[in-house]
Amino acid sequence: MGSLKNEEELEQIGEESKEAILYVNGIRKVLPDGLAHFTLLEYLRDIGLTGTKLGCGEGGCGACTVMVSHYDQERKKCLHYAVNACLAPLYSVEGMHVITVEGLGSHKQGLHPIQESLARSHGSQCGFCTPGFIMSMYALLRSSQKPPSEEQIEECLAGNLCRCTGYRPIVEAFRVFAKTNDTPYIDISSLSREGGAFVCPSTGKPCSCGLKSESSCTTPESGTCDDKRYEPVSYSEIDGSSYTDKEFIFPPELLLRKSTYLSLTGFGGLKWFRPLRLKQVLELKQKFPDAKLLVGNTEVGIEMRFKKIEYRVLISVTHVSELSILNVKDDGVEIGSAVRLSELLKVLRKVITERAVHETSSCTAFVEQLKWFAGMQIRNVACVGGNICTASPISDLNPLWMASRAKFRIIDCKGNIRTTLAEKFFLGYRKVDLASGEILLSVFLPWTRPFEYVKEFKQAHRRDDDIAIVNAGIRVHLEERGDSRVVSDASIVYGGVAPLSLSATRTKDFLIGKSWNKELLQGALKVLQKDVLIKDDAPGGMVEFRKSLTLSFFFKFFLWVSHQMEGDHCIKERVPLSHLSAVQSFLRPPVIGTQDYEITKHGTAVGSPEVHLSARLQVTGEAEYSDDTPLPQNGLHAALILSRKPHARILAIDGSGAKLSPGFAGVFFSNDVPADNKIGPVVYDEELFASEFVTCVGQVIGVVVADTHENAKLAARKVLVEYEELPPILSILDAVNANSYHPNTERCFRKGDVDLCFQSRQCENVIVGEVRVGGQEHFYLEPQSSVVWTMDGGNEVHMISSTQAPQKHQKYVSHVLGLPMSKVVCKTKRIGGGFGGKETRSAFVAAAASVPSYLLNRPVKITLDRDTDMMITGQRHSFLGKYKVGFTNEGKVLALDLEIYNNGGNSLDLSLPVLERAMFHSDNVYEIPNVRIVGRVCFTNIPSNTAFRGFGGPQGMLITENWIQRIAAELKKSPEEIREINFQGEGSILHYGQQLQHCTLGPLWSELKLSCEFLKARYEVDQFNIQNRWRKRGVAMVPTKFGISFTLKLMNQAGALVHVYTDGTVLVTHGGVEMGQGLHTKVAQVAASAFNIPLSSVFISETSTDKVPNSSPTAASASSDMYGAAVLDACEQIKARMEPIASQQNFSSFAELASACYVARIDLSAHGFYITPEIDFDWTTGKGNPFRYFTYGAAFAEVEVDTLTGDFHTRVANIFLDLGYSLNPAIDVGQIEGAFIQGLGWVALEELKWGDSAHQWISPGCLYTCGPGNYKIPSINDVPFKFSVSLLKGHPNVKAIHSSKAVGEPPFFLASAVFFAIKDAIIAARAEVGSKEWFPLDNPATPERIRMACLDEITAGIISSDFRAKLSI
C-alpha cells in the first residue's frame, strides 16, 4: 500500500470501551481509570497477590514473572507467555488472563507438579526468586504442544536469577518435564508403569523411587516423582497443555469479547491509548506528536522509572494488526514493527528449515543473536520497532539490520509511505530518521544471495540476558573472477564503539574488488583499526578491550567465511584445523549434577536429607517477606533523601518542594531525631541523618513519608540540598597515598623472624608483588525492607524487618528514639537472602523509618529500590595485598611479609573484623615458618563496605593463592605441586598461635585428586591446547581452610525457647534468622531427634527479640552449631523434667506423655543456652585460639576460554568438603553449590565500577553498576556442565553438635579454582606467541581481563604485554 488516503473508511471501533477488564487467576477484575502509571506488579501486589515479587524493577531478575494469556483472533488460538510484571503497564494486559504463582496451587489445596518438583528437589532456599522460576516454567509448559527439550527449559529460565541455589537443583527439578528417551509425556503423573515398574521422569527408565512412601525421593539426576494427584489433560489450542484437573481455562468471556479501543489516564495527566487500527495510530500521532509508541514497555518503562523521563502520552500498538504482520515472500521477509522478538525468532527458525541455505544466512545470524537477547520474558513482549527506534548504540539487532541490507518502511500521519535503508536510518545518539509525525511501519529483510554471508557477533559480561560490550553484524558477497573469489559487496557494522551503530565504511571500500585471501585479512585489520576509533575517555570504559573486539570479530568472520567456502575451487587456502576453534559455534550441553554423601542418622531426623521446611510455602508464593506485610489504611511509605556528592559540606536544605508533592505526609532531618543521631554497629562514627557533612554519594540526609511508595520517592527527589564540595578519596590507592585510615585499625601478626629469613641464604628465591582484589555486591533478591509501627500510644515500637540481626535493629531504633530496648521489638519470619548484607547495613534503614513512625504515630514501610539498595548499603570489601615471599628451589615457602589493606568506606562498620579475618586466613592451608602480616582499614568516600559471605577470608586466601601460583611460574612447576609440598597438617601451629587438630586436608585432597583424575585431565587439556589455536582450556585444584566462630568472643553465644504442647507438638523459637540456608530446618531436626518425634511435629516460629534476647547476628557460618546446641539444651531440660513421668509407664505416643506431664504440672517450656567453648584471642600478643574448629575443602575446575573475545565456560567443577556428619546433607549440598556459584561470580563475572580515577567517565563517588542491567551475577548459563559435590566420609567432628560442621561460608572460596583454571588457559594462550613470563590477573576475571591477557597479533597493536585492566578497589 502506497497510501492510506484512498482507503475506504475504517469501521468505527473508536468507541471507547465502557469497561476495561482483566482476569487474574480466573477471577474477573474491572480496571478503573486513572491507573495508566501502574505496572501489573503494583496492581497484583495491591490486590494481595504478593507471591509475585519486586526484585529489581527493570526486568532483570525475573522475580516478578507471571503468565499472560490472550486469544489471538487471527490465528484462532490462545497464546501463553511469561512476562515481567514489573515492566508491564497494567492496561497493557487489558482483556487478557494473568496467572500468578497463587493460581497454580497452594499448601492447603495441593501443589502443582511444577511446584511439587521444585520443592522436593531442594530447588528453593531463600524462596524469594522461586515464584518467578515456577511461572517461567509454567508458561513454557502451557505454551508447548509437546514436552520441551532440556535446552528449551534452560533457555526459558535464562531471564530468572537466583543467588542461593547455584541453579543446579532448579534445572534438575524442571528436567522431569522434558522429553526424555523419545518417550513423550506431559507431566510427572502421566508416566506409565511398564511391567509394574515405575518409570522415573528424570531418567525415563524404570526405577523404584515412585514406590517410596517418604516425602521425597532423589535419583542421581535429582528427579522427583508423585503419581497420585495429577491427571493430565491433553493439549488444546485454546487452553494450552494442562497439567491438573484444576488448571485455569481461558475465560470464555475473553474468547467472545472483541478488543476495544482504550483511552485511559494516569498520574500527573498521563494519557494511555490502545488503538486497534493503523489509521487510529496515525490520528493519535498527529494529535500528540511527542507521544511514545510502545508494545512491551521494556525501554520506555526503564526511561520513565529510572531515568525520570516524563512522557505525557503513551500509545500501545499491541492490537494494531497492520503493525504485526509477518509475511514470508519470494524476495525476503516482511516484519511488522510491532512484531514481538520471540515471535520473530520462531518464524526465522521455521524459515531456516524451509528455504535454501544460501538464502537464510542473515536469518541464521538473527536467530543466533536473538538467543542471547535479554531473557525470555523480555523477548516475549519487546518488539522489533521498539528496539530499532530506541537506537541504542549497543543494540544487538541494529548492526544486523544494517549489515543485512534491510529496508525500513516509514509512514506519516497522512498515510504516505517511504522506504529507507537501515544503514541510513540511524543519525546520532538515539536519533533516527523519523519526523515527528512518522512511525516505523515495517522492516523488510531480503534473502541472502549465493556466496553472500552474514554473521552476528556479541561479547557481553555474561552470555545470558546481558547488554553487549561490543556487537557486530558483518556481511560479504563474493563473486567468481577468474580463479578467485572477489568481494563485490560488504558491510561491517559495530555496536558499542560509537554513539550509534557504526558502519566501517573505509574498511568496506578497502574490501571491495579484492580477492578473499590472507592478504585481504591483514590489510582489512589495519584499515579497521583506523576506521573504528574509540576515545580514551569514552563512556563505558574498557577502550582497549573494545578496540580488540572490533578486530577479533572481523578475524573470526574471515575464518568463518573461508571455512564455509571450503571445497570451492576458487579458494586455494584452507583454514588450518587448529584455527577452526575460532569459528566453531558452541553448543552448551545440559547440566549434569552429582552429589555424593553418606547419611548418618541420629534419632528420627538428624542426618536425614530433609526438604527445607518452608519449601512448600515458597513454591506457592505463600511464604511472606517483609514487603509482603499489608499496611493498615493510615500506613505510610518512606523514601530516603540521599547525598549526591562524595564529600561536601551541607550549606542548606530546602524541603518546601516535597511538602507540595502529592500524598506528602512528612519530611524529617537530623534535628528531628528524637534522641541520638549518632549510630554504628561497633563505634558510633555514623549519623542517621547527615547534619553538617556528607562523606559519600548515597549518604542519608533525611526521610520523606507519603501515601504511596512512588509518591514518597517523588517527594524525596524534590528536596533540594546545597553543597560546598570537598576533595574526595575514592580508592585504596588514594587512601594509602593520603594516609587516610580509620582510627585504631592497624593490626599485626608475627611468627618467626621474617627479616632474618630474608637476610639469610635460606631463601633461594624472593618474589615481590601486589594483588588487587575486587569487591562484590550481595544482590540478595529481596531488597532491604522494614515495616515499623507504634503501639499503646507510641509507648512501644514494633517492626518486621528483613535482617540477619533483629537485635541490631532493636538497638538502633531504641537508640535513635530514646526508648529502652524492652519497649522495642523486631521480628523476622524469613529473609530473601542476606549473605552478610543484612547484618549491619539493614539497621540504619529501619532506624530511618522509625523516626516518622514514632513522631507521627503511624505505621511506616520502607523498601529500597534495587538501584538505591546497591548504591547505599555497601558491598564486599575490595583489598590490596603487597607481598614479599621467600622460598626454596623446591618450592617450599620460608617467609611471607604481607601488607594488606581493605576499603572500609566512609564508616568503620565491620571493616576491622573483616580485615582481621583476612589476616587470619592469609596462610590458607600452607605451613610458613616466618610470617609478618600488617593490615589497615582505609577510609574512603564511598558507602561503608560490610560483611559478605566469607567475611574477608576469601580475600586473604585469594592473595595467598596468587603468590602460590607465581612461585609455580617462577620454578616452572605446577601450582598443585607447590600447594602439596607446603600443606599444613595435624599439629601445625598457625601464625596466630592456634594448633590444628583433626586436620582432614590430606585425605580430602587425595580423594579429590582421585575423583577428578587430575593427571589425566591435565594431559587432555594440554592435548586440546596443542590442537586449538584460538580456544584454550585450563585446570586447577585449590584447597581451603575456614575457621568457624565469631572472632569476637562475646558473640559466640546463643539462646532458644522450646515449648512442648499437650498434643505432642513442639514450638521452637531461637535467635537465628532463616535466610534460605536451612537453619530452621536443621534446628527443627535437632529438636525432633531430641524428643524422638517426627520432624512434622516441630514448628519453628519467627525470630523475635521479645522471645530470645540479645542474639548475635546470623552470620559466621556458626548458627547451626550454636542455635542447634541451644535448642538441644532446652530439649534436654524438658526431657529431664519428663523423665520421672516417662519412667512410670510406657506411653503410646509423645502426645500422651506430654499430656501426662501437663496433668502432673510439669513445666514443658525451657530456655536453652549455648556458649562456644575453648575460644579466646588476645590482640595485644596476636596469639590465641579464635576458632573452635576448621572446615576444610578443595575443588577442581576445568574451563575453556575463547582467546579472541575473553568468553569462557566452566566445563567441570568437582568439590569436596569435610562436613563431619552432616545434620542435613541435602541442605548442605545446596549451600555448597550456592556458595560456589556465588564465588564464581566474585572471581569471574561481577565487577563493581565506581566513579574513581580508573573510571573517570562515571561521576565521582557514584556506583555505575547499581542494578542487574550493569551488574551481572551468574545466571543459569554459568553453571558448570559437570557439577559434582562430595562430602568427605568417615570423619566426625567432635567439636560441634551431632559431629557436624559449619557449611555456609567455607565453600565460597573454592570457586577460585575456576579463576586459576582461567589463568592456566591464558598461560597456554600466551605461550603461542612466546610469552612465558608471569603476569598478574585481577579478579573478577571478566571477558575484558581474559582477552587482554591472551596476547596475540591483534592485541600487539593495542596494548603492551604488561597491560592491566582498570579495577575499582
Side-chain angles (χ1 to χ4, degrees), residues 4 7-40 43-44 47 66-81 83 85 88-99 238 249-267 269-288 291-297 300 311-325 336-340 343 381 383 439:
L4 279 180
E7 227 179 278
E8 57 182 280
E9 280 300 310
L10 286 165
E11 168 189 5
Q12 183 59 36
I13 312 179
E15 291 179 40
E16 290 164 28
S17 169
K18 293 190 171 55
E19 203 170 59
I21 67 166
L22 167 69
Y23 274 77
V24 180
N25 296 333
I27 298 170
R28 188 178 193 269
K29 304 281 183 183
V30 177
L31 301 177
D33 195 6
L35 298 182
H37 60 290
F38 251 49
T39 62
L40 175 58
Y43 176 78
L44 292 173
I47 63 173
V66 297
M67 188 183 85
V68 172
S69 303
H70 78 268
Y71 188 65
D72 187 319
Q73 296 286 354
E74 304 265 325
R75 286 184 277 183
K76 303 298 181 194
K77 66 182 288 188
C78 197
L79 304 179
H80 309 277
Y81 48 91
V83 306
L90 174 59
Y91 293 148
S92 72
V93 292
E94 193 278 337
M96 301 181 185
H97 188 195
V98 173
I99 296 182
I238 291 179
I249 64 165
F250 190 73
E253 179 188 1
L254 299 183
L255 275 178
L256 302 171
R257 186 173 183 265
K258 283 190 175 179
S259 298
T260 53
Y261 179 102
L262 294 181
S263 174
L264 298 161
T265 61
F267 179 77
L270 177 65
K271 295 181 188 298
W272 171 280
F273 297 98
R274 188 184 72 187
L276 302 176
R277 296 285 182 267
L278 179 58
K279 183 179 179 184
Q280 296 166 347
V281 177
L282 299 177
E283 286 169 353
L284 287 168
K285 191 68 175 162
Q286 189 166 25
K287 188 176 180 182
F288 305 106
K292 269 287 186 182
L293 272 62
L294 54 86
V295 173
N297 199 45
V300 172
Y311 295 119
R312 313 307 304 166
V313 181
L314 299 175
I315 303 171
S316 172
V317 295
T318 51
H319 288 50
V320 180
S321 58
E322 297 98 320
L323 297 178
S324 300
I325 56 168
S337 59
V339 168
R340 291 176 168 90
E343 194 61 31
V381 295
C383 70
I439 67 168

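Put simply, the side chain of V83 reaches to within 4.5 Å of the side chain of V66, judged on heavy atoms. Here the side chains of V381 and N297 are not in contact, with every heavy-atom distance at 4.5 Å or above. Residues I21 and E253 form a side-chain contact, since some pair of their non-hydrogen atoms from C-beta on lies under 4.5 Å apart.
Of all the heavy atoms in H97 and P251, the pair that sits closest is ND1-CD, 3.4 Å. Taking every heavy atom of both residues into account, S69 and F250 meet most closely at O-CE1, 3.4 Å.
By the side chain to side chain donor-acceptor pair (under 3.5 Å) test, H70 is found to be paired with Y81, residues two or more places apart in sequence or in another chain being considered. Partners of E283 by side chain to side chain donor-acceptor pair (under 3.5 Å), not counting sequence neighbours: none found. Residues meeting the salt bridge (charged side-chain N to carboxylate O under 4.0 Å, His left out) test with D72, sequence neighbours left out: R75. Under the rule for a side-chain contact (heavy atoms from CB on, under 4.5 Å), the partners of K292 that lie at least two apart in sequence or sit in another chain are V300, E303, Y311, L314. Residues satisfying the side chain to side chain donor-acceptor pair (under 3.5 Å) test with S316, not counting sequence neighbours, are T318. Take S92 and apply the side chain to side chain donor-acceptor pair (under 3.5 Å) test, not counting sequence neighbours, and it matches no residue. Scanning for side-chain contact (heavy atoms from CB on, under 4.5 Å) contacts around Q73 gives Y71, K76, with sequence neighbours left out. Applying the side-chain contact (heavy atoms from CB on, under 4.5 Å) criterion to S337, with sequence neighbours excluded, gives L323, L440. With sequence neighbours excluded, no residue satisfies salt bridge (charged side-chain N to carboxylate O under 4.0 Å, His left out) with R340.
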Exercise for the section: Show the numbers, then the answer: is there a side-chain contact (heavy atoms from CB on, under 4.5 Å) between F288 and I315? Expected result: CA-CA 10 Å; F288 305 106; I315 303 171; 5.6 Å; no
Problem - Full working for side-chain contact (heavy atoms from CB on, under 4.5 Å) between V281 and E322 - result: CA-CA 10 Å; V281 177; E322 297 98 320; over 6 Å; no
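A distance of 6.0 Å separates CD of Q280 from OH of Y261, quoted to the nearest 0.5 Å. With rounding to the nearest 0.5 angstrom, the NZ atom of K287 is 15.0 Å from the CG atom of L282. One finds the CE atom of M67 at 9.5 Å from the CG atom of N25 (value rounded to the nearest 0.5 Å). Once rounded to the nearest 0.5 Å, the distance linking NZ of K285 with CG of L278 reads 13.0 Å. Here L284 contributes atom CG and R274 contributes atom CZ; the two are 13.0 Å apart, rounded to the nearest 0.5 Å. One finds the CG atom of L262 at 4.5 Å from the CD atom of E94 (value rounded to the nearest 0.5 Å).
In this structure, the side chain of H319 does not engage the main chain of P275 through any donor-acceptor pair within 3.5 Å.
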Taking only distance into account, with no hydrogens and no angle test, what donor-acceptor pairs under 3.5 Å do side-chain atoms of residues 29-40 form with protein atoms, sequence neighbours excluded?
| from | atom 1 | to | atom 2 | distance (Å) |
| --- | --- | --- | --- | --- |
| D33 | OD1 | T265 | N | 2.8 |
| D33 | OD1 | T265 | OG1 | 3.1 |
| H37 | ND1 | F267 | N | 3.0 |
| T39 | OG1 | E42 | N | 3.1 |
| T39 | OG1 | E42 | OE1 | 3.3 |

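Note on E19 versus R257: no salt bridge recorded, every NZ/NE/NH1/NH2 to OD/OE distance being 4.0 Å or above.
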